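Because the structure is predicted, anything quoted here is derived from the model rather than measured.
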Amino acid sequence: MRKGAKAAIIGSVFAVMVGGAGYGAFNVVTALDGSESAGGPAPVKSGPPSGAEVKDTSAKFLAAWEKGDATKAATYTNYASQAEALLAGYRADAHLTGLRITPGTPSGASVPFSVKATVSFGGKSKPLAYDSELTVVRGRTTGKALVDWKPSVVHPDLKEGDTLVTGESASPPIEAVDRNNVVLTKEKYPSLGPILDALREKYGDDAGGTAGVELAIHHAAQDAGDTTLVTLAKGEPGKLRTTLSASAQAAAEKAVARYAESSVVAVKPSTGEVLAVANHRADGFNAAFLGKLAPGSTMKIISAATLIDNGITTANGPATCPDTAVSESQTFHNLANMAPQKNATLSDSFSRSCNTAFVKYADTVKVDSLTNEAQQRFGLGRNNWKTGIESFDGSVPASGGPDTAANLIGQGQVQMCPLNMASVTATAMTGVFRQPVIVSPGLDNREIATAKGLPPSTVAQLRAMMNRTAVSGTAAQVMAGLTGRIGAKTGSAEVDAQSRSNSWFTGYRNDIAAAAMTQQGGHGVDAAGPIVAAVLRTGG
């Protein structure tokens, strides 16, 4: 449906939700209606529902839903008002009829089921089929066996606040193309799915297309595009040119597929254009653009620039690498088996990724030195990037205490995503901050972020240190075989309650810079490094 109509539907659903009494009130009503006797209240059952209860409750819920009795179906759930609103919308808003639900074999308290229905609108009809699952739990106050209500019961792709709607699409379809006019589809480039949806949502009206008629999930999350489930009538797609490179995107898709919970971004340093963005995650989240995680030692690019620009040391100046370093009563260590180096230079410690060398300077830098460097030189942390879709700008707060030292080595309060670190590498390589974009700012006349960039002498030193890291330092094995002008920085970030660190890696080759992150991937060279190297081999 068009955007205004969808807003009305969402508003009515919200009214039903807030008007209903909810879980607690439902339990009180049922208790008063049937759980008292002349001898006092009946005992409330406890413990997991029995197999018989699971089968009985799920059967009654699915039967009522199949008949279109949303009110009755909702009474078999533990959140009746929310369930009724979404189940009622299944017919009224999604225009789904002829519903047939076939339960599968229960597994404990969970019951899988298959759904077949017909979506009809404007004289057109098409079938819909999918699988879902429900879980039966014990009501906390009534002790009754109830369906544990979640929107995903109705459809596995529904999340809290989402709605199913059939009508004219919110935005006309788009034919997204790369920088060389190659068509980009979610079928060929799977991790682009949410990104293409977001681009359609934002630029569909401006791309010259006409809207179609479809059954779609309208996502409650801000800036999330609708997810089309069934197309009843195709619209005329408008053409949307992106900055992506099909060859780099294909390499990125293939590379992240090898490692679970991985994300990568590649940019063109000379322009700031995004060449590739890929995610391989169970949750489908665009962590490449929106992740907020400690970047580990890849942060030392900014930290080294801070030391140089503030006149504290230089690439060939001192940066001793002891076994441990203490700052604000907190002791910091290096990675296991790293030999201390008493007379190390900053270049030595950077290429070996020595934590203690940077921590030793925590008392010399000002509390806000790293923050100022990140914001003024690298364009980070000002919440003003306008890439074309929703993105995170990084965060480098001026946090004192032991976090001053921790921030210097990419821990503490620092948060980044691969987009940020790819931009950092591009800025270090060229000296100029060019805010990343995935569609041209000229398309919607948006104002992009600026920063003053780096002095030429700092650029020369950063490039020399990153090249050394790529040729003979911690990144040498991963970067081996890459020709041309290259540089890299490894990183691993320790996270509480994780058995393995998050793997980070960033690097450049000629006019392409890339950064990757793999949650619980280990050291930088273990997972993120091979991903980045694979993208750099494409040359953009």
Side-chain angles (χ1 to χ4, degrees), residues 176-180 182-200 223-225 227 240 242-269 272-293 295 298 387-392 416-426 436-439 478 482 488 491 502-509 512-521 524 526-540:
V177 298
D178 84 335
R179 59 195 306 105
N180 298 312
V182 176
V183 176
L184 303 169
T185 65
K186 64 181 71 177
E187 289 75 25
K188 189 169 183 179
Y189 308 99
S191 72
L192 282 184
I195 294 166
L196 294 176
D197 287 342
L199 288 171
R200 176 187 175 184
D223 294 330
T227 298
L240 179 68
T242 71
T243 64
L244 297 171
S245 159
S247 59
Q249 183 64 35
E253 297 271 357
K254 184 177 179 180
V256 296
R258 295 174 56 199
Y259 304 95
E261 305 302 303
S262 295
S263 302
V264 65
V265 173
V267 301
K268 192 174 181 66
E273 295 170 315
V274 176
L275 298 173
V277 49
N279 297 281
H280 178 216
R281 296 176 58 89
D283 59 9
F285 177 59
N286 183 13
F289 268 45
L290 294 167
K292 297 180 180 180
L293 295 165
T298 58
T387 62
I389 59 174
E390 187 181 4
S391 60
F392 175 57
M416 297 286 175
C417 63
L419 174 70
N420 306 143
M421 293 314 304
S423 176
V424 165
T425 296
V437 296
I438 197 167
V439 293
V478 168
L482 288 173
N502 290 339
S503 173
W504 283 83
F505 193 100
T506 186
Y508 65 83
R509 179 190 178 215
I512 179 171
M517 179 275 298
T518 301
Q519 288 184 250
Q520 298 196 60
D526 293 339
I531 294 172
V532 169
V535 176
L536 294 182
R537 287 191 186 96
T538 68

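- In this structure, Phe289 and Ile195 have side chains that are not in contact, with every pair of non-hydrogen atoms separated by 4.5 Å or more.
- Here the closest heavy-atom approach between residue Ala276 and residue Ala252 is recorded as CB-CB, 4.0 Å.
- Between the side chain of His280 and the main chain of Arg258, no donor-acceptor pair closer than 3.5 Å is present.
- Here CZ of Arg179 is found 11.5 Å from CG of Leu184. Values are rounded to the nearest 0.5 Å.
- Taking all atoms of both residues into account, the shortest heavy-atom contact from Val264 to Ala288 is O-CB, 3.8 Å.
- Across every non-hydrogen atom of Val478 and Gly529, the tightest pair is CG1-O, 3.2 Å.
- When side chains are defined from C-beta on, Gln249 does not count as touching Lys188, because their heavy atoms never get closer than 4.5 Å.
- For the side-chain hydrogen bond (donor to acceptor under 3.5 Å, both in side chains) with Thr518, the qualifying choice from Ser503, Ser262, Ser263 is Ser262, the only one to do so.
- Two residues are said to be in side-chain contact when any heavy atoms from C-beta on lie closer than 4.5 Å; Phe285 and Leu290 meet this criterion.
- No side-chain donor-acceptor contact under 3.5 Å links Asn279 to the backbone of Asn286.
- Side-chain contact check for Leu240 versus Arg200: every heavy-atom pair is 4.5 Å or farther apart.
- Among Thr243, Leu199, Ile389, the single residue meeting the side chain to side chain contact (heavy atoms under 4.5 Å, CB included) criterion with Val439 is Leu199.
- Looking at Thr506 and Thr298, their side chains never bring a donor and an acceptor atom within 3.5 Å of each other.
- Counting only heavy atoms from C-beta outward, the side chains of Leu293 and Trp504 approach each other to under 4.5 Å.
- Heavy atoms only, all atoms of each residue included: Leu536 and Arg509 are closest at O-NH1, 3.1 Å.
- To the nearest 0.5 Å, atom CG of residue Asn502 and atom CD of residue Glu261 are 10.0 Å apart.
- Side chains of Glu253 and Leu192 form a contact here, defined as non-hydrogen atoms less than 4.5 Å apart.
- Two residues are said to be in side-chain contact when any heavy atoms from C-beta on lie closer than 4.5 Å; Leu419 and Phe392 fail this criterion.
- Taking 4.5 Å as the limit, some side-chain heavy atom of Val274 sits within range of a side-chain heavy atom of Pro436.
- Listed for the Thr242 side chain is a donor-acceptor partner under 3.5 Å among the backbone atoms of Val177.
- Separating the CD1 atom in Ile438 from the CG atom in Leu275 is a distance of 10.0 Å, to the nearest 0.5 Å.
- Nearest heavy atom pair, residue Ala251 against residue Thr538, reads CB-CG2, 3.3 Å.
- In terms of heavy atoms, Ala513 sits closest to Thr425 at CB-CG2, 3.9 Å.
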